[in-house]
Participant: 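One structure follows; several queries about it will come next.
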Amino acid sequence: MKIATWNVNSLKVRQQHVIDWLELSHTDVLCLQELKLPDEKFPHEELAQKGYRSWCAGQKTYNGVGILVRDGLKVDEASIVRNIPGFEDPQQRVIAATVEGVRVISAYFPNGQAPGSDKFAYKLRWLDALEAWLADEMRTHAELALLGDYNIAPEDRDVHDPKAWEGQNLVSPEERAAFARLAGMGLVDSFRQFEQPEKMYTWWDYRMLAFRRNAGLRIDHILLSPSLSARCTSCEVDKTPRKWDQPSDHAPVIAQLG
DNA sequence: ATGGCCATTTCAAATGGA
C-alpha cells in the first residue's frame, strides 16, 4: 500500500494536478492539506470517476484537509474523525480514517507566523492537543501514520540555509522540541529510515526563484508508529509536480508499506 | 537589493502563507 501527503494550496486550482499525480504515482491513500474550499465544493464525484473515495474537513478560504482512498481498500466509515477531539477549533486541520486497519491521519499543522506571535502560541497549543490525542490513538491503533504539512523542519539538514533560518518560524527550538516529542512517542520519520539525496526538501517559496535554486525546507512528513515503520520499504519526495505549470509550492511525499 | 509569488475575497487591495 502506497500512502502519500500533499499540501496542494487550493484543491480548486490543483484538482487536475492531484488527478494526474495519483495516476503517475499509483498512490493508494493520499492525504491532502490546504484545500481552501468548503465541504460542498469538494470534488468527490470527479475523484470517484478516477477510482478514489474521499473524505474531507473543509472550510471557506483557509485550511481544509482530506483523505483519498483507492477503490477496493477497506475503509471503516465509523472510523472517520474530524479535528482533534476535545480541542475546540474553527480551523479545519485534521481528518483521520482507518484504511485496511491502518490509522491514517491527514494533518495541516498551523504555520505559526513568527515566534512570540499569537499565531505561534496557537501553534504550540495545537501541538500539545495533537500530542495528547495521538497518545490515545496509538494505544488503540498499533499501525498508525501521521501524514501532513507539519510546518516544522526538524533538523538543520532539512533547511537550505540553516544560518539564515536560525531561530525563525518553522525551525525554532520550541517547534523542534514538539517534533522531537512525537519521535519520543515512538513515531518514526519514514523519510529518515532510508538513505536520501542531500538537500531534499518539500517546500519552496514561490518567490526568489527558490525552486530553481533548491532553496527549500523539508516540512511535510510521514511519521509511522513502530509496527508500521517496520512495514515501510521506502519513502521519497516527488518533486515532479512542483515542476508543472501553476504548481503548489509543496511537493508530495510518498511511502511504500509492505 | 530585506523585495520578489500565489490564492482568496471580491473587483482593489488586504490577508495569509512559510
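Order of the sequence lines sets the chain letters (A, B, ...), proteins ahead of strands, with each chain counted from 1.
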Participant: Do any N or O atoms from the side chain of A/Arg103 and from the backbone of A/Glu137 form a donor-acceptor pair under 3.5 angstrom?
Facilitator: no
Participant: Could a donor-acceptor pair under 3.5 angstrom be found where the side chain of A/Asn111 meets the base of B/dA18?
Facilitator: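 Yes, the side chain and the base share a sub-3.5 Å donor-acceptor pair.
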Participant: Between A/Lys12 and A/Arg207, name the one whose nearest nucleotide on DNA chain B is closer to the 5' end.
Facilitator: A/Arg207
Participant: Determine whether A/Val237 and A/Tyr201 fall in the same hydrophobic cluster, where Ile, Leu, Val, Met, Phe, Trp and Tyr are linked whenever their side-chain heavy atoms lie under 4.5 Å apart.
Facilitator: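 As far as the 4.5 Å side-chain criterion goes, A/Tyr201 and A/Val237 are not connected within one cluster.
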Participant: Please work out if A/Tyr201 contacts a base, only the sugar-phosphate, or nothing of the nucleic acid, heavy-atom cut-off 4.0 Å.
Facilitator: nothing
Participant: Under 4.0 Å, counting only non-hydrogen atoms across every strand here, what does A/Ile219 touch: a base, just sugar-phosphate, or nothing?
Facilitator: sugar-phosphate
Participant: Tell me, which of residues 152-164 of chain A have any heavy atom that sits under 4.0 Å from an atom in DNA chain B?
Facilitator: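 Those residues: none at all.
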Participant: Could you tell me whether A/Arg125 and A/Asp89 have a side-chain N and a carboxylate O separated by less than 4.0 Å?
Facilitator: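 No, A/Arg125 and A/Asp89 are not salt-bridged.
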Participant: A/Trp6 vs A/His17 aromatic rings, parallel, tilted or perpendicular, using cut-offs 30° and 60°?
Facilitator: parallel
Participant: Looking at A/Arg192 and A/Asp158, does any basic side-chain N land under 4.0 Å from a carboxylate oxygen?
Facilitator: yes
Participant: Salt-bridge test for A/Arg181 and A/Glu131: reply yes if a basic N is under 4.0 Å from a carboxylate O, no otherwise.
Facilitator: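 Looking at A/Glu131 together with A/Arg181, the answer is yes, because their closest N to O distance falls below 4.0 Å.
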Participant: Mind calculating the distance between OH (A/Tyr122) and C1' (B/dG16) to the nearest angstrom?
Facilitator: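 These atoms are roughly 13 Å apart.
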Participant: Closest approach to the side chain of A/His250, judged atom by atom: which nucleotide of B/dA18, B/dT10, B/dG17 is it?
Facilitator: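 Closest nucleotide to the A/His250 side chain: B/dA18.
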Participant: Tell me which of A/Met208 and A/Gln113 sits closer to the 5' end of DNA chain B, going by the nucleotide each one is nearest to.
Facilitator: A/Met208
Participant: From the set B/dG16, B/dA18, B/dA7, return the single nucleotide nearest to any side-chain atom of A/Asn9.
Facilitator: B/dA7
Participant: May I ask you to evaluate whether A/Asn151 reaches the phosphate of B/dA18, defined as a side-chain N or O under 4.0 Å from OP1 or OP2?
Facilitator: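 Yes.
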Participant: Rounded to whole Å, how long is the line connecting atom CG of A/Leu209 with atom P of B/dG3?
Facilitator: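 Between P of B/dG3 and CG of A/Leu209: 17 Å.
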Participant: Of the nucleotides B/dA7, B/dA18, B/dC5, which one has an atom closest to the side chain of A/Lys36?
Facilitator: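 So the nucleotide nearest the side chain must be B/dA7.
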Participant: Using both pair distances under 3.5 Å as the test, note the stems of at least 3 consecutive Watson-Crick or G-U pairs that include DNA chain B.
Facilitator: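 If one scans DNA chain B for consecutive Watson-Crick or G-U pairs, the stems found are B:5-9 with B:13-17.
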Participant: Using a cut-off of 4.0 Å on non-hydrogen atoms, how would the nucleic acid contact of A/Asn7 be classed: base, sugar-phosphate, or nothing?
Facilitator: sugar-phosphate
Participant: Is there a donor-acceptor contact under 3.5 Å linking the side chains of A/Asn151 and A/Tyr108?
Facilitator: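 Short answer, no.
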Participant: Run the salt-bridge test on A/Arg14 and A/Glu34 with the 4.0 Å N-O cut-off and return the result as yes or no.
Facilitator: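 Salt bridge: no.
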Participant: Check the distance between B/dA7's P and A/Asp245's CG and give it to me in whole angstrom.
Facilitator: 12 Å
Participant: Between A/Glu23 and A/Lys50 (salt bridge meaning N to carboxylate O under 4.0 Å), is one present in this structure?
Facilitator: no
Participant: Check every strand shown and say whether A/Glu34 touches a base, only sugar-phosphate, or nothing at a heavy-atom separation below 4.0 Å.
Facilitator: sugar-phosphate
Participant: Test the A/Arg242-A/Phe211 pair against the cation-pi criterion, namely NZ or CZ under 6.0 angstrom from the six-membered ring centroid and within 45° of the ring axis.
Facilitator: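 Output yes; distance and angle both within limits.
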Participant: Using OP1 and OP2 only, check whether a side-chain N or O of A/Gln246 sits under 4.0 Å from B/dA7.
Facilitator: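 So the side chain of A/Gln246 is within the cut-off, an N or O lying under 4.0 Å from OP1 or OP2 of B/dA7.
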Participant: Of the candidate nucleotides B/dA18, B/dT9, B/dG4, which contains the atom at the shortest distance from the side chain of A/Lys60?
Facilitator: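 Nearest to the side chain of A/Lys60 among the choices is B/dT9.
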Participant: Are A/Asp128 and A/Lys123 close enough for a salt bridge, meaning some N to O gap below 4.0 Å?
Facilitator: no
Participant: May I have the distance from A/Gln15 (atom CD) to B/dA7 (atom C1'), rounded to whole angstrom?
Facilitator: 16 Å
Participant: When the C1' atoms of B/dA7 and B/dA12 are compared, how many Å lie between them, rounded to an integer?
Facilitator: 15 Å
Participant: I want to check one thing: is the phosphate of B/dA7, taken as OP1 and OP2, less than 4.0 Å away from some side-chain N or O of A/Arg14?
Facilitator: yes
Participant: Looking only at side-chain atoms of A/Tyr206, point me to the closest of B/dC6, B/dA18, B/dT8.
Facilitator: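 Ranking B/dC6, B/dA18, B/dT8 by closest atom to the A/Tyr206 side chain puts B/dC6 first.
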Participant: Using the C1' atom in both, what is the distance from B/dG16 to B/dA1, to the nearest Å?
Facilitator: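 Their C1' atoms lie roughly 25 Å apart.
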Participant: Which nucleotide wins on minimum distance to the side chain of A/Thr61, given the candidates B/dG16, B/dT8, B/dG17?
Facilitator: B/dT8
Participant: Grab the CG-P distance between A/Asp220 and B/dA18 for me, whole Å please.
Facilitator: 9 Å
Participant: Over how many whole Å does the gap from A/Trp203 atom CH2 to B/dC6 atom C1' extend?
Facilitator: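 Result: 12 Å.
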Participant: Pick the C1' atom in B/dT2 and in B/dT8, then give their distance to the nearest Å.
Facilitator: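 B/dT2 and B/dT8 have their C1' atoms separated by 26 Å.
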Participant: For the pair made of NZ in A/Lys119 and C1' in B/dA18, what is the distance, rounded to whole Å?
Facilitator: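 Between C1' of B/dA18 and NZ of A/Lys119: 12 Å.
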Participant: What interatomic distance, in whole Å, is found between P of B/dT10 and the corresponding atom of B/dC6?
Facilitator: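 Comparing P positions in B/dC6 and B/dT10 gives a spacing of 23 Å.
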Participant: Quick one: A/Gln33 CD to B/dG17 C1', roughly how many Å, whole number?
Facilitator: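 Rounded to the whole Å, the gap is 14 Å.
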Participant: Just by distance, no angles: are the side chains of A/Trp165 and A/His160 close enough, under 3.5 Å, to form a donor-acceptor pair?
Facilitator: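 Note: A/Trp165 and A/His160 side chains meet the donor-acceptor criterion.
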